[in-house]
Amino acid sequence: MTHDRDNFSMMDAVTSFGKKNHLSLSKSLAFVLALLFIGCLVGTGLLVYHLSSCTSPSTKVVEQVEICGQMPYENFSTTTTEVREYSTTTTVDPVTTTVPKEKIVDIRLPRSILPDAYDVKLIPFILEGNFTFKGEITIRVNVTEAVSNITLHSDELEINQKSITVNDLQNNTFAVEKIENDTERQFLIIFPKEKLQAGQYDIYIEFKGILNDQMQGFYRSSYNVETEVRWIAATQFQATDARRAFPCFDEPAMKAKFKISLARFKNMSSISNMPKVLSKPVDGLEDYEWDVYQESIPMSTYLVAFVVSDFVSLKSGNFSVWVRQGAQPQARYSLEIGPKVLKFYEDFFQIKFPLPKVDMIALPDFAAGAMENWGLVTYRETAMLYEEGVSSRSSLQRVTSVIAHELAHQWFGNLVTPRWWTDIWLNEGFASYMEYIGTDAVQPDWKVMDQFVVLELQNVFSLDVLKSSHPVSIKVNNPVEINDIFDRISYSKGATIIRMMEYFLTSEVFRRGLTNYLTSRMYSSAEQDDLWHALTEQAHKDGTLKKELAVKQIMDTWTLQTGFPLVTVTRSYDSKFISFKQERFLIGSNRTDPESSLWWIPLTYVSKDDREIKSEWLPVEPEIVLTDAKLDKNEWLLVNIDQRGYYRVNYDNKNWQLLTQQLLDKNGFKNFSSTNRAQLLDDSLNLAAAGFLDYDIALNLTRYLTNERDCVPWMTAFIGLDYIQEMFMKTADFDKLKLYLSSLLKEVYAHVGFEDSPKDSQLTVYNRMEVLWRACLLGNIDCIRNAVTYFHNWRTAPNSDQYNPISPNQKNVVYCVAIRAGGQEEWEFAWERYQRTNVGSEKETILSALGCSRDTWILSRYLYWAITEGSGIRKQDAPRVFAAVANNIIGQDLTYKFFKNNWALLKKSVGSSLSLLNSIVKACISHINTQEELNDLKTFVRENVGEFSVVAKTIEQSIEQVEGNVRWMNSNYDKIVRWLARYQRSHDSANNR
């Protein structure tokens, strides 16, 4: 997007937060003033009562005329299958349901023994068909005080007790009396016959394990070359699965050096974190060779990685990409962009990449999107591979951003690692923010920093508003709880508050502070306070933060508290007073915050006639009042420029009206940047949904969208429109909503058109994708005719396996609309193309489109196929199938009933892959919006409560989401119907003139 010179973008501004002329109200003073005010009101009321000779006449309520607008939003993107949560107001009859969580168990290892170096030797038996591995390990440890046992981690390994030896460095052997397996804590406890005194020892263990099919630990994966199945062995250790591959001290702070040796068939190859030193025969196994790797620098166990495969590689200097045979062309973009991103980070952090090489590999089966193993980054195929002419521009951006995310981890997470999983957000929040900075550096035309506001900040608001949310920095105990915090709070909220911090510190201070932090803690571990200290020192040195204020003081309010603030701005139009009041943004019938949460809030604001960005701190006090605001009463005031801060903003009614007037001006709306237009949409609609703002104000504001052409505001608006559409879809009043949505899309649909052009900018492509998706599903005849025609031309082409006339950027729309409008023949054609395509992004696109069918029997069969081994759908893709069917109004009841009737089957199929199971649970539940279904859900969970402990957090959040849907229907549905009816009358009247 381009901005006029009058736009007040904050991207280039330097903002300092200092002391201004304002009145700060403490809690105690505010309380006293409130009591005095109430007393005055009571006294005045009594006086009026006793002096009046008659009662007041009844007051006539005049209903304000509403014109047109939209509602709060729920994400329904053509580029993601993630189900996003939204909650609202109004009381719902409670049905108490408590899902028992894993009991609190102390799983921390003792600190009396620390690892120094590992020598790991593994032989995976891939081609023999039994999918096992055997190994031996020598761990050099430092015993810091006398101990009677050695406690380390082991999970699902068969330990050869007789093999275990303990030696000191003088080669004295300490006999082992016994071993114990604490399966609850996944401990292997070795008891020597005599105490070990302080010093260094070598522990030797032989073991066996299973190459599992759960995409965790050391696991197996496969792909096909024509009719032949090819097998590989790969690793995924984060967070606590290195212990499934070899006994180890599996905590992030227990860093050590690793020397890896892998045995493989001679016609295969292997890779690991470090470069290969040599290959040699395996004694006793004629067809095998050892690959021996250089010893690593100190690193955490979860970052160790290795893959045995018959893959091929492409190289550029010390950078290599590995892919299955036949996919080499799809890896060229990654090989081009990866070294550029790596070089950018070296310059950004002012620290050279510390390893001698980087390998990136695309795995056919991979539960996560990607994993940042040091020197060997593993990816799902769709996160690393891009096929020109087949994959869409959104796929290209995804590949770039995921690579940028994982390579950022090489510094933030790998070089400096969180001391414990409590601060995993330091890893994921920073990588999530840096992926935008890294992507913007190598693809500046994509405007990804503008997209950040919608994709990260506004996205995570909807989760962080729930009671079942959690602080960014949170204590965790068992492995289930550790996996639970790899969520949008750690990733998106972490990224958002880091972005906010960069703005109030300035980019220069932010970068210098990061470099100092990484340099001082490299090859070690850290807590968030270590980062705060480094940034504070730099900010004080450069004068961007007052000496009496520390980053910790500010940021602890954002990382240690759940939720986010609402800043209410109230102006005195006859004087120069502006009040900024903060409270936690809460929803539901009880908005009282029992913890009285307050934040250090960096306020930024501009006015209509003064575009210079002004700044102010709202400290941990309920309210500040500016006493010298130079604002004309007819000027609007805009707060939180470009939505830099992680908070919502509400205004008094007159200021909302002034902002709306500016937006409704045909060209005047461009006086606001596209990100601020998105913010005004997001804040107003969510405030109205939560009961903080009259819906008339929010809906009137949205009328300006008929003139909007930029992608970012539309991205925000579509989230809200999709949510309303989902809530209304099964009701008798959907026709009224459909009329409104269609009229709103009319001009922008004509603007973007149906045809795709290679010359289009990234945001133009995105806007077209999103507009066409909604227009077609709302019944736009031109849109549907184009989609069906394109699909028909593809289906009837004599060489449809090689020839596809559909633009890659329009496949989501065309495939879905054609399958929705067609029948079994269209579905079967798409299914055949899914099985035949060699491109992962094309497979994902088709999988999502197959859920668009209107035939319930096809959708039911599709759900079963998703969790049936050998069906052709990989386990990693099961959540995509469930999300696709659940996004189809016809499939929503099917997914919910499938969840209820086949829970045991779901757990058996994907249960050990908790991230996959959690995604399926969300897809099956989150669309419910009636009290009857909510009661049924709670009853089902209560009656089967013992079955849901592994997904307790997801169940809790999903039920809260459903409660929010029910509240929204009870509170807002009738209001919206009345508003839509008035809109329809005005629409009909205008057409009849």
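For the numbers below, each heavy atom of this structure counts, side chains included, while hydrogens, waters and symmetry mates do not. In what follows, residues are counted from 1 in the order of the sequence shown.
- Side-chain polar atoms of Thr400 and Tyr333 form a donor-acceptor pair below 3.5 angstrom.
- A search for side chain to side chain donor-acceptor pair (under 3.5 Å) contacts involving Gln810 returns nothing, not counting sequence neighbours.
- Between the side chains of Tyr379 and Ser334, no donor N or O sits under 3.5 Å from an acceptor N or O.
- For Asp440, there are no side chain to side chain donor-acceptor pair (under 3.5 Å) partners two or more places apart in sequence or in a different chain.
- A side-chain donor-acceptor contact under 3.5 Å links Asn676 and Gln679.
- Taking the six-membered ring for Trp and the full ring otherwise, the centers of Phe718 and Trp714 sit less than 6.0 Å from each other.
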>> Would Gln643 and Gln458 count as a side-chain hydrogen bond (donor to acceptor under 3.5 Å, both in side chains) here? Give the steps.
In response: CA-CA 9 Å; Gln643 210 162 11; Gln458 294 175 3; 3.0 Å; yes
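- A side-chain contact (heavy atoms from CB on, under 4.5 Å) with Asn767 is found for exactly one of Val752, Val712, Asp710, Leu772, namely Val752.
- Applying the salt bridge (Lys or Arg N to Asp or Glu O under 4.0 Å) test to every pair with at least one member in residues 756-768, sequence neighbours left out, gives these pairs: Asp756-Arg768, Asp760-Arg768.
- Looking at heavy atoms from C-beta onward, Leu681 lies in side-chain contact with Leu705 at the 4.5 angstrom threshold.
- Take Glu428 and apply the salt bridge (charged side-chain N to carboxylate O under 4.0 Å, His left out) test, not counting sequence neighbours, and it matches no residue.
- Under the rule for a side chain to side chain donor-acceptor pair (under 3.5 Å), the partners of Gln662 that lie at least two apart in sequence or sit in another chain are Trp636.
- Between Ser392 and Asn809, some side-chain heavy-atom pair lies under the 4.5 Å cut-off.
- Looking at Arg499 and Asp642, no side-chain N of the basic residue comes within less than 4.0 Å of a carboxylate O on the acidic one, giving no salt bridge.
- Residues forming a salt bridge (charged side-chain N to carboxylate O under 4.0 Å, His left out) with Lys340 (at least two apart in sequence, or on another chain): Glu336.
- Between Gln451 and Tyr766, the side chains place no donor N or O within less than 3.5 Å of an acceptor N or O (distance only, hydrogens not considered).
- The shortest side-chain heavy-atom distance between Thr604 and Tyr503 does not fall under the 4.5 Å cut-off.
- Residues that satisfy the side-chain contact (heavy atoms from CB on, under 4.5 Å) test with Pro339, not counting sequence neighbours, are Phe319.
- Taking Tyr433 as the reference, Phe452 meet the ring pair (Phe, Tyr, Trp, His ring centres under 6.0 Å) condition, with sequence neighbours excluded.
- By the salt bridge (charged side-chain N to carboxylate O under 4.0 Å, His left out) test, Glu435 is found to be paired with no residue, residues two or more places apart in sequence or in another chain being considered.
- In this structure, Phe461 and Tyr646 have parallel ring planes: the angle between them is below the 30° cut-off, well short of the 60° mark.
- Atom CD of Glu346 is surrounded by more than 12 heavy atoms from other residues, nucleotides or ligands within 6.0 Å.
- Salt-bridge annotation for Asp464 and Arg488: absent, with no side-chain N of the basic residue lying under 4.0 Å from a carboxylate O of the acidic one.
- Taking the six-membered ring where the residue is Trp, Phe349 and Tyr345 present tilted rings, their angle falling between 30° and 60°.
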>> Could you walk me through whether Met715 and Leu455 satisfy the side-chain contact (heavy atoms from CB on, under 4.5 Å) test, starting with their C-alpha distance in whole Å, then the side-chain angles of each, then the deciding distance to 0.1 Å, before giving a yes or no?
In response: CA-CA 9 Å; Met715 288 169 70; Leu455 300 179; 3.7 Å; yes
> So Met501 and Trp558, side-chain contact (heavy atoms from CB on, under 4.5 Å) or not? Walk me through it.
Replying inline: CA-CA 10 Å; Met501 182 174 64; Trp558 296 96; over 6 Å; no
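- The closest side-chain heavy-atom distance from Asn655 to Val569 is not below 4.5 Å.
- For the pair Leu745/Arg774, a side-chain contact is recorded, criterion being any heavy-atom separation below 4.5 Å from C-beta on.
- Disulfide status for Cys783 with Cys776: present, SG atoms under 2.5 Å apart.
- Legend: residues meeting side-chain contact (heavy atoms from CB on, under 4.5 Å) with Ser316, ordered by chain and number and at least two apart, are Leu335.
- In this structure, a donor-acceptor pair under 3.5 Å is absent between the side chains of Gln443 and Gln762.
- Checked by atom type, the side-chain pair Thr716/Asp682 shows no donor-acceptor distance below 3.5 Å.
- Between Val814 and Trp794, the closest side-chain pair of non-hydrogen atoms is not below 4.5 Å.
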Could you list the donor-acceptor pairs under 3.5 angstrom formed by side chains in residues 840-847, with sequence neighbours left out?
residue, atom, partner, partner atom, Å
Ser841, OG, Ser391, OG, 2.7
Glu842, OE1, Lys811, NZ, 3.0
Glu842, OE2, Tyr815, OH, 2.8
Lys843, NZ, Tyr834, O, 2.6
Glu844, OE1, Arg398, NH1, 3.3
Glu844, OE1, Arg880, NH2, 3.1
Glu844, OE2, Thr382, OG1, 3.0
Thr845, OG1, Ser841, O, 3.0

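- Listed by chain and number, the residues in a side chain to side chain donor-acceptor pair (under 3.5 Å) with Glu387 amount to none (sequence neighbours excluded).
- The side-chain heavy atoms of Met769 and Trp773, taken from C-beta on, include no pair separated by under 4.5 Å.
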